[in-house]
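Following this message is one structure expressed as C-alpha cells.
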Amino acid sequence: PSAAPTRAPTRAPSFSPSAAPSDAPTSSPTTCPDFISQKGNVYETIDGVDEVLNVSQMVRSTFINFTADPYSGEQHEFSQVAEKINDPLPYCAPDSGGCNYVCSNSAACLDADIDCRSVHGCTLVCSLDFSCDGLLFVASSEDPFYNTSAPTTVNATTPAPVIASNTSASPTLSPTFSPTLEPTLSPLQPRNTSIHIECAEDACQGMLIYITEVSSAHIHCVGTRACKDMEIHLEEISSYNNSNTTITCYEEEACMGMKIFADGRYTRLKMYAHSSGVVLNNTFGWSFDDDTITCDLHSKYVQYVFEDDNVLEGLVRAEYASGLLPCEDLVVQCKDPEDDSSANCTMKYQFASEQSLDNAGRTTYSQSRCVYLLLADTINLQCE
C-alpha cells in the first residue's frame with residue numbers, strides 16, 4: 001500500500017456557505033394537497049393559488065370598435081367637464097354602422113340621453129367620476145329579428161316534354177313537375193346587434209337603461225359605486241339568444257342598489273364581490289344550471305387544517321375585504337306581469353361541515369395535515 005494517502009485532506013471546505021439566507025424561497029413547497037371534490041370537479045394541483053382576474057381583459061372582450069371595418073360606424077367622444085350635461089348625444093340611426101360613445105371627463109355626460117337604433121349596436125365607456133350619472137340609455141333595433149319580409153320565388157322554367165323511348169309513344173302532354181305555387185321564404189337572418197357599457201368608479205350612478213331586441217348586451221361595473229342605483233330593463237332578448245346578456249360586478253359595492261328587470265332566465269348576473277341592495281327580477285327565478293347568478297366560487301381557495309378548530313365559513317369570509325360574500329342577501333324576484341303574481345327569495349350560502357372535512361383528513365388525507373379547498377367544492381348556494 002502507498003505510504004501516504006494520494007492527497008491530503010482539505011484543510012477547509014471547498015466553498016463557503018452563503019453568508020445569509022435568501023430573502024424568500026424561490027418557490028414554496030407543497031404543504032397541502034388539493035381537495036378531491038365529491039362533486040366530480042377535476043383540476044390540476046395548483047397549491048391553493050387564487051386565480052387573479054384580468055378585469056381589463058374581461059371588460060374589453062365584449063367591446064366592438066364600430067369605427068373599424070367592416071362597420072365604418074361613428075365615434076362620439078366628450079372630454080370636457082360637464083360638456084353634454086342634460087343634452088341628447090348624437091342619434092345612432094338604424095342604417096349607421098354602429099356608434100362608440102365615450103364620456104371621458106367628470107360629468108361629461110351627466111343626465112344626458114343616448115338613443116341607439118343601429119342594427120349593429122353601440123358601446124358606451126364612462127371613465128371618470130359622475131361622467132354618466134343619471135344618463136338615459138335606450139337601445140333597440142327597429143328591424144325585425146328575422147327578416148322574412150322579402151320572400152324569394154323559385155326560378156322555375158317549364159321543362160321540355162319527356163319523350164318516351166318507344167318512338168310510337170306520344171310525348172307527355174304536361175311537364176313532369178310543376179313550379180311551386182307559393183314563394184319560399186328567405187332564410188332566417190338573426191340580428192347581430194351588440195351593446196357594451198362599461199363604468200369606472202362613481203361613473204354611472206343612477207343610470208337608466210332600456211335594451212330591447214338585441215342579440216347581446218354586456219354591462220361592466222368595475223369600480224366602487226360604478227353602477228350605484230342603476231336600473232336596467234332588458235326585454236325581448238332571452239327567447240332569441242341563448243344567454244348572451246350579462247351584468248358583471250367586479251368590486252365591493254360596484255353595483256349597490258342596482259335593480260335589474262329582465263324577461264327570462266338567460267340574463268346572467270356575475271358577482272365577483274359583494275354589493276348591497278341588488279335585486280334581480282327576471283320573471284323566472286334563480287337557476288343554478290343556467291348560471292342565472294354566479295358568485296365567484298371558482299377563483300378562490302382556502303387552506304383548511306384538519307382538526308385545528310377551523311371554522312370554514314370564517315376562512316371563506318376572510319377571502320373578501322369586507323367579510324361579505326358576493327351573492328349574500330341578493331334578492332331574486334319572480335314577478336309575472338301576466339297575472340301580477342310574485343315570489344321572492346334571498347341568496348344564502350350553505351357551507352360543508354368541519355366534521356366531514358376532518359373525517360376526510362383521517363382517511364383520504366392521512367398523510368397531510370391540511371388541504372386546499374376550492375370554494376365551489378365546499379359551498380352550496382340556495383335561494384330561500
Side-chain angles (χ1 to χ4, degrees), residues 56 58-79 83-105 107-128 131-145 189-200 203-222 226-227 230-238 240-241 244-248 258 260-263 267-268:
S56 177
M58 293 167 71
V59 172
R60 301 311 287 179
S61 67
T62 65
F63 178 85
I64 297 175
N65 182 2
F66 287 116
T67 64
D69 290 336
Y71 302 101
S72 300
E74 308 164 31
Q75 177 84 6
H76 304 291
E77 183 164 0
F78 309 99
S79 57
E83 181 175 350
K84 298 295 288 185
I85 188 169
N86 289 317
D87 286 344
L89 303 190
Y91 177 59
C92 196
D95 59 355
S96 168
C99 296
N100 297 127
Y101 296 95
V102 181
C103 301
S104 57
N105 210 329
C109 302
L110 180 72
D111 292 329
D113 297 343
I114 292 178
D115 191 357
C116 174
R117 305 290 170 166
S118 169
V119 296
H120 297 289
C122 294
T123 68
L124 170 63
V125 178
C126 305
S127 55
L128 277 183
S131 55
C132 296
D133 279 14
L135 182 144
L136 172 63
F137 183 96
V138 178
S140 177
S141 176
E142 295 182 352
D143 284 354
F145 190 86
Q189 300 294 325
R191 178 187 291 120
N192 190 24
T193 307
S194 299
I195 303 298
H196 167 102
I197 298 174
E198 60 182 89
C199 300
C204 301
Q205 299 181 75
M207 182 186 289
L208 182 58
I209 299 172
Y210 290 91
I211 298 175
T212 305
E213 286 190 316
V214 300
S215 53
S216 68
H218 303 283
I219 301 170
H220 301 273
C221 304
V222 179
C227 301
M230 178 181 285
E231 188 172 306
I232 304 167
H233 296 259
L234 303 165
E235 298 179 0
E236 297 183 43
I237 296 174
S238 303
Y240 294 115
N241 72 80
N244 206 14
T245 307
T246 61
I247 300 102
T248 308
M258 175 184 283
I260 304 164
F261 301 91
D263 61 356
T267 292
R268 293 177 171 177

Can you find a pair of side-chain heavy atoms, one from Thr123 and one from Glu198, that are under 4.5 Å apart? no
Which distance, rounded to the nearest 0.5 Å, do you find between the NE2 of His120 and the OG of Ser194? 10.5 Å
Can you check side-chain contact (heavy atoms from CB on, under 4.5 Å) on Val102 and Gln75, steps first, answer last? CA-CA 8 Å; Val102 181; Gln75 177 84 6; 3.6 Å; yes
Closest approach of Ser215 and Asn244, non-hydrogen atoms and distance? O-CB, 3.7 Å
Heavy-atom closest contact (Met207 atom, Cys132 atom, distance): CE-CB, 3.6 Å
Minimal non-hydrogen separation, Glu235 against Asp263, with atom names: C-OD2, 3.3 Å
On the 0 to 90° scale, with breaks at 30° and 60°, tag the Phe66-Tyr71 ring pair as parallel, tilted or perpendicular. perpendicular
When rounded to the nearest 0.5 Å, the distance separating CD1 of Ile219 from CD1 of Ile247 is 5.0 Å
Between Thr193 and Val119, is there a donor-acceptor pair closer than 3.5 Å when you use the side chain of the first and the backbone of the second? yes
CG of Leu208 to CG of Leu135: how many Å apart, nearest 0.5 Å? 9.5 Å
Evaluate side-chain contact (heavy atoms from CB on, under 4.5 Å) for Ile232 paired with Met258, printing each intermediate quantity in order. CA-CA 8 Å; Ile232 304 167; Met258 175 184 283; 4.0 Å; yes
Under the 3.5 angstrom rule, does the side chain of Tyr210 hit a backbone N or O of Leu136 as a donor-acceptor pair? no
Can a donor-acceptor pair be found, under 3.5 Å and without considering hydrogens, that links the side chain of Asp133 to the backbone of Gln205? yes
Looking at Ser118 and Cys92, would you say the former's side chain and the latter's main chain have a donor-acceptor pair under 3.5 Å? no
Within-4.5 Å side-chain heavy-atom neighbours: Met230 and Ile209: yes
How about Thr212 and His233: do any of their side-chain heavy atoms sit closer than 4.5 Å? no
His76 side chain near Ile114 side chain, heavy-atom distance below 4.5 Å: no
Exercise: identify the closest heavy-atom pair between Glu231 and Phe261: CG-CE1, 3.9 Å
Looking at side-chain heavy atoms only, is the closest gap between Phe63 and His218 below 4.5 Å? no
Might you point out which heavy atoms bring Asn100 and Ile64 nearest each other, and give the distance in Å? ND2-O, 3.0 Å
Spell out, with a plain yes or no, whether Cys103 and Cys126 have SG atoms under 2.5 Å apart. no
Would you say the SG of Cys199 sits less than 2.5 Å from the SG of Cys204? yes
Specify the closest pair of heavy atoms between Phe78 and Lys84, including all atoms of both residues, with the distance to one decimal. CD2-CG, 3.4 Å
